[in-house]
Amino acid sequence: MTTIKTIVWHAPIILWSLVACALPMHEMQEAFKESLQNTMGRTLESLKYHPGLAFIGNREPSEVRRLGNGNILQVYRDYWGQIGIDRGMCRVVLEFDSNIMTVVKVYAEGPGCYAAY
């Protein structure tokens, strides 16, 4: 009987702890998405020298291919692992207009796609 009372008493605390941990992760994922969205309309060259976006422009993509519409797709399969950070898989994809090499589409997939800032 004591065990049931203990579990019932601790349940709200445990539940609140889980919710509190989940909220910051959501915020970190949103911060990462926002930083990716800031690449839109920028050239690859400008990404290399932008103080807040150089983390994207200075990485080597794991795959580069030309799409049917002529645009160029750069895929970073293990975005964080490439620089030795173990956050779990994060795949980042940038699509460039091939004429002016400007980012026209960007997205990320995976549980490791978050920014710890």
How long is the gap from CG on Asp97 to OG1 on Thr43, to the nearest 0.5 Å? 11.5 Å

Out of curiosity, does Val75 fall in the hydrophobic cluster containing Leu36 (side-chain heavy atoms, cut-off under 4.5 Å, transitive links)? no

Which of parallel (below 30°), tilted (30 to 60°) and perpendicular (above 60°) describes Trp80 and Phe32? tilted

To the nearest 0.5 Å, atom NZ of Lys48 lies from atom CZ of Arg42 at 15.5 Å

ILVMFWY network linking Tyr114 to Met89, side-chain heavy atoms under 4.5 angstrom: no

Under the side-chain contact (heavy atoms from CB on, under 4.5 Å) rule, what do Leu44 and Gln74 come out as? Steps first, then yes or no, please. CA-CA 11 Å; Leu44 179 60; Gln74 290 189 351; 3.9 Å; yes

If I take atom CD1 from residue Ile85 and atom OH from residue Tyr79, how far apart are they, to the nearest 0.5 angstrom? 9.5 Å

Spell out, yes or no, whether Val93 and Val64 are grouped together once hydrophobic residues are joined by side-chain heavy atoms under 4.5 Å, including indirect joins. no

Quick check on Asn69: does its CG atom have over 12 non-hydrogen neighbours (other residues, nucleotides or ligands) under 6.0 Å away? yes

If you look only at pairs with a residue in residues 68-101, which of them pass as a disulfide bond (SG atoms under 2.5 Å apart), with sequence neighbours excluded? Cys90-Cys113

Minimum-distance pair of heavy atoms, taken over all atoms of Gly88 and Asp78: O-OD1, 4.4 Å

Distance-only donor-acceptor pairs under 3.5 Å for side chains of residues 100-110, two or more places apart:
| unit_1 | atom_1 | unit_2 | atom_2 | d |
| --- | --- | --- | --- | --- |
| Thr102 | OG1 | Ile100 | O | 3.4 |
| Glu109 | OE1 | Arg91 | NH1 | 2.7 |

Quick one: pull up CG in Leu73 and CZ in Arg65 and give me the separation to the nearest 0.5 Å. 5.0 Å

The reported gap from CD in Gln29 to NZ in Lys33 (rounded to nearest 0.5 angstrom) is 6.5 Å

Should Met40 and Leu47 be counted in the same cluster of Ile, Leu, Val, Met, Phe, Trp and Tyr side chains packed under 4.5 Å apart? yes

Does Glu63, at its CD atom, have more than 12 non-hydrogen atoms belonging to other residues, nucleotides or ligands within less than 6.0 Å? yes

